[in-house]
Amino acid sequence: MAEAEEERHLKLTGEFDCDPSPLSTLRHSTSHVMAQAVKRLFPDVKLAIGPAIEDGFYYDFAKAEPFSADDLGRIEEVMGEIARADHPFERREMDRPQAIRFFRERGEPFKVEILEAIDAPRVSLYQQGEFIDLCRGPHVPSTGHVRFFKLLASSGAYWRGDERNPMLQRIYGTAWLTREELDKHLWRLEEAKKRDHRKLGRELDLFAFHDVSPGAPFWLPHGMVIVRELERFAREAQDARGYTEISTPILVNKKLWEQSGHWEHYSDNMFRLEVEEQLFSLKPMNCPPSTFVYRHALRSYRDLPLRLSEMGRLHRNERSGTLTGLVRVRQFTQDDAHIYCRPDQLQDEITGVLELVREFYKTFNLEPSFRLATRPPKAMGSPEQWDAAERALHEALKANGLAYEVKPGDGAFYGPKIDIHIEDALGRDWQMATVQVDLVMLPERFQLEYIDADGQPKRPVAIHRAIFGSFERFIGVLTEHYAGAFPTWLAPVQARVLPISEKHAEYGRTVYERLRAARLRVELDDRNEKLGYRIREAQLKKVPYMLVVGERERASGTVSLRHRTGDELKDVSVERVIADFTREISARAPDLTVGRS
RNA sequence: GCUGGCGUAGCUCAGUGGAAGAGCAACUGCCUUGUAAGCAGUGGGUCGGGGGUUCAAGUCCUCCCGCCAGCGCCA
């Protein structure tokens, strides 16, 4: 989104073909007002570009020293002055050579560079007060319309996004049409911080990071429960769909990676180590090792499709600055699978994978978006193969009734793919699942064959697919999606038994033992603390159910049930609690239903 | 990797050159507890690591590590 905005911003044509929606026009104008304020405070800075982006805007400046937090405050003040002065935005047009001379005289080398790179004969400039900028508009009528904004952050950014170019200083801000919308947006940003999976991971004791292994999570017992439940879910679904599970080595000799092409194309991201004068690498992908399983036996056309799944532990040497909690790590586990099939089976196999994707994501109330990436300029394989593979992907999406976006030229060099993204509750976009057709890489480089009905060896097609993507990223996203309040089947602790006082500890223990015997993840909190205190702790840990037991409950063999939503259900029998739990968990239900049956 | 910011108790954070602190958590005791914090006491620190400046360094300088934001990267 941001990239596309920037791209369009740079393609000045002098026409009003920017996104002319009121909000994006306002944000664009706000970025000009900010640039004006920056120029007033720091006359030596050079202007680069300043587009509207999703939720706001930015402007890049060439400046020796970075902007400080104090600077942002001063800039905001001057922006307020400029807004109050209500300068009109005035459009002016120039011939391109004239504009180049104009900006050269004003000492704006980036504007000159932009102008030299475009082919429009005439360009437009916009002026408000003493500030004038190359821009195709449109803008709000005057700076007085710029009222509800806030500067959020500053950071380095490369000119034209290329790390070989000089680094500029970027200021991000947000702007809205009303005070209410601005406040709401700022509130949302605060909420996002609260449900950040890194914060929740620590608070809920799910996982930890340590500088002895950057980018590799330590799964704590509670987090590991979630990993195991997701693995169980994946295995159940795959078993039901005719997958068989394999496990291949993590440490693999260089010669395999040379054969697969990774050594040539991916070695910067591979951890290598030398063992008895041989070079090895930790696998960054599962596909090359999986071919050994395919080739273990001579395959008949009757054996296909062969669906080999693997919970593959991968290592990728991501650059240090890229690591982010669980969502960008150096070590992760993929719920990977490789489906080897005949060309005539491709369609059905992809359709089946997409069904699986739908089933999985529905369970979590996640709404994925589907992007079909087609043949890139540099592609291996014949156009006929590509057409067939792309057609199969289109058809599979349609068969599943899925809306999708086409990303022309975005496919891998070895085949087209569908990338599956989800937006979390805060509107951020993550790539999760992937379905990739592989026409050449595995089949050709590893010379995979099956014996067809006519007795002749043929090349199978391979499908690489992952449904969660990686358990790490998925759990990171899921934690934020649920804000830590996992549904019961995933909750590390599903219930806590809270005896009112010491007098009821024994009955509490009985209830606890019965639930434990029913294989629930239950804890007994009979600490010498007030009930309110222990309720509060269970709430903070987002335990779905609290089972309070006192005199009345002991007498009747019941519990008083409190849901973490705050709902209370009195006098529920232990039998019913267990029955409801069992049903809710085995259905992987999204909502709390115990005591409501 | 680049630019900037940050790193003090398990957690959240105060401490701008002169005796390492607070709240929560933990532990102990009192209270015997009815749906989101009862009271009191106790223990807890290589101030991320190395080197340097200084009579004196959590504080200043320097190198390294990690984290955060953005950029870039992302088969």
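Just so we're on the same page: letters track the sequence lines, and every chain starts at 1. This structure is a prediction, so every number in the text was calculated from the model and none was measured.
In terms of polar N and O atoms assigned as donor or acceptor, the side chain of A/Glu65 never comes within less than 3.5 Å of the base of B/G4 in a complementary pairing. Side-chain atoms of A/Arg316 stay outside donor-acceptor range of the base of B/C73, with no qualifying N/O pair under 3.5 Å. With hydrogens and angles left out, the side chain of A/Tyr158 and the base of B/G70 share no donor-acceptor pair within 3.5 Å.
The listed nucleotides are B/G38, B/G4, B/C74; the one nearest the side chain of A/Arg328 is B/C74. Here the side chain of A/Ser155 is nearest to one of B/G34, B/C74, B/A69, namely B/A69. The side chain of A/Met441 sits closest to B/A75 out of B/A75, B/G34, B/A36. In the set B/G4, B/A75, B/A69, the nucleotide with an atom closest to the side chain of A/Pro66 is B/G4. Side chain of A/Ser501, nearest nucleotide from B/C65, B/U33, B/G72: B/U33. In the set B/C71, B/G34, B/A37, B/A37 carries the atom at the smallest distance from any side-chain atom of A/Arg536. Taking the side chain of A/Met167 as heavy atoms from C-beta on, and the options B/C2, B/A75, B/G34, the nearest nucleotide is B/C2. Considering only side-chain atoms of A/Arg319, the nucleotide from B/A75, B/G1, B/A36 that sits closest is B/G1.
In this structure, A/Leu72 atom CG and B/G4 atom C1' are separated by 12 Å, rounded to whole Å. One interatomic measurement links the two molecules: OH of A/Tyr507 to C1' of B/G34, which rounds to 15 Å at whole-angstrom precision. The interatomic distance linking A/Leu540 (CG) with B/C24 (C1') rounds to 11 Å, in whole Å. Computed from coordinates, the A/Asp60 CG to B/C2 P distance equals 20 Å when rounded to whole Å. One can place CD of A/Glu529 at 11 Å from C1' of B/C39, the figure rounded to the nearest angstrom. Summarising the geometry, the separation between CG on A/Asp162 and P on B/G72 is reported as 9 Å, rounded to the nearest angstrom. If you measure from atom CZ of A/Arg198 to atom C1' of B/A69, you get 9 Å, rounded to the nearest angstrom. Atom CZ of A/Arg534 and atom P of B/U32 are 15 Å apart (whole Å).
The base-pairing partner of B/G4, taking Watson-Crick or G-U wobble contacts with both distances under 3.5 Å, is B/C68. Pairing for B/A57 is absent, with no Watson-Crick or G-U wobble pair whose two atom distances lie under 3.5 Å. B/A40 is paired with B/U28 under the Watson-Crick or G-U wobble criterion, all donor-acceptor distances under 3.5 Å.
Ionic pairing of A/Lys199 and A/Glu203 is present here: one or more N-O contacts between side-chain nitrogen and carboxylate oxygen are shorter than 4.0 angstrom. Here A/Glu76 does not pair with A/Arg74 in a salt bridge; the nearest charged N to carboxylate O distance is not below 4.0 Å.
Taking only side-chain nitrogens and oxygens, A/Tyr172 comes nearer than 4.0 Å to OP1 or OP2 of B/C71. The side chain of A/Lys530 places no N or O atom within less than 4.0 Å of a non-bridging phosphate oxygen (OP1 or OP2) of B/G34. The side chain of A/Arg202 places an N or O atom within less than 4.0 Å of a non-bridging phosphate oxygen (OP1 or OP2) of B/U12. Taking 4.0 angstrom as the limit, A/Tyr533 places a side-chain polar atom (N or O) nearer than this to OP1 or OP2 of B/A25. Within the 4.0 Å cut-off from OP1 or OP2 of B/A75, not a single side-chain nitrogen or oxygen of A/Arg465 is found.
The cationic atom of A/Arg27 (NZ for Lys, CZ for Arg) does not lie both less than 6.0 Å from the six-membered ring centre of A/Phe57 and within 45° of the ring axis. Cation-pi geometry between A/Lys63 and A/Phe42 is met: the NZ or CZ atom falls under 6.0 Å from the ring centre, inside 45° of the normal.
Atom OG of A/Ser470 and atom CZ of A/Arg316 lie 9.0 Å apart (nearest 0.5 Å).
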